[in-house]
Amino acid sequence: MKSGWRRATVALDAAEAVPAPAEEEGSLLSAVNLLPPKYRTVIYLYYYEGYAAREIAQLLGEKPATVSTQLNRGRQQLRTLLESEGMT
């Protein structure tokens with residue numbers, strides 16, 4: 001309970017007022033949004049929100065191994081998508 005992480009976080013209700021980042025044409029975020037929902041969610045939470053795989057598993061009610069698998073598969077799909085668009 002004394003952890004700095006617990007002091008630095010806020011409830012989800014308090015974060016509702018924060019607007020989502022603006023999406024630019026051809027940006028990495030727009031490519032992430034093209035992924036299937038189960039991969040998009042874990043990729044977004046991991047890279048954009050900074051959650052660890054175990055925390056994502058708790059949020060989504062999944063096992064940590066499932067989240068890790070979804071992260072790996074999402075990365076592979078994202079890599080393929082970006083290579084097809086010539087962004088890498």
Side-chain angles (χ1 to χ4, degrees):
M1 294 307 249
K2 295 180 181 179
S3 169
W5 172 254
R6 293 197 181 273
R7 290 189 299 247
T9 59
V10 295
L12 285 176
D13 296 334
E16 284 181 358
V18 178
E23 187 175 322
E24 298 176 13
E25 186 67 31
S27 71
L28 183 59
L29 183 57
S30 65
V32 169
N33 285 331
L34 295 175
L35 293 172
K38 66 181 180 179
Y39 301 132
R40 178 183 339 139
T41 303
V42 294
I43 295 279
Y44 184 82
L45 289 173
Y46 187 81
Y47 288 106
Y48 288 91
E49 297 295 329
Y51 287 102
R54 286 185 179 188
E55 294 169 328
I56 296 170
Q58 288 177 343
L59 288 171
L60 301 178
E62 300 284 346
K63 295 179 182 178
T66 303
V67 171
S68 295
T69 300
Q70 290 176 345
L71 277 170
N72 286 328
R73 290 180 181 168
R75 287 182 195 120
Q76 289 173 350
Q77 287 190 11
L78 187 59
R79 183 180 303 120
T80 303
L81 182 65
L82 292 174
E83 286 174 352
S84 70
E85 291 183 1
M87 290 183 71
T88 57

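Keep in mind it's a predicted model, so treat the numbers as computed, not measured.
To the nearest 0.5 angstrom, Leu71 atom CG is 11.5 Å from Leu78 atom CG. Rounded to the nearest 0.5 Å, atoms OH (Tyr44) and CG (Leu29) are 7.0 Å apart.
For Ile43 against Gly74, the heavy-atom pair with the smallest separation is CD1-C, 4.0 Å. Summarising the geometry of Val67 relative to Ala53, their closest heavy-atom pair is CG1-O, 3.8 Å, with the distance given to 0.1 Å.
When atom types are taken as modelled, the side chain of Ser84 and the backbone of Leu81 share a donor-acceptor pair closer than 3.5 angstrom. Arg40 places a side-chain N or O within donor-acceptor distance of the main-chain N or O of Leu35, the cut-off being under 3.5 Å.
When the shell of 6.0 Å around OH of Tyr46 is examined, it contains 12 or fewer heavy atoms from other residues, nucleotides or ligands.
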Self-check item: CA sep, side-chain torsions, deciding dist, call: Val42, Leu60, side-chain contact (heavy atoms from CB on, under 4.5 Å)
Solution: CA-CA 9 Å; Val42 294; Leu60 301 178; 3.9 Å; yes
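Counting only residues at least two apart or in different chains, side-chain hydrogen bond (donor to acceptor under 3.5 Å, both in side chains) contacts with residues 56-74 comprise Asn72-Arg75.
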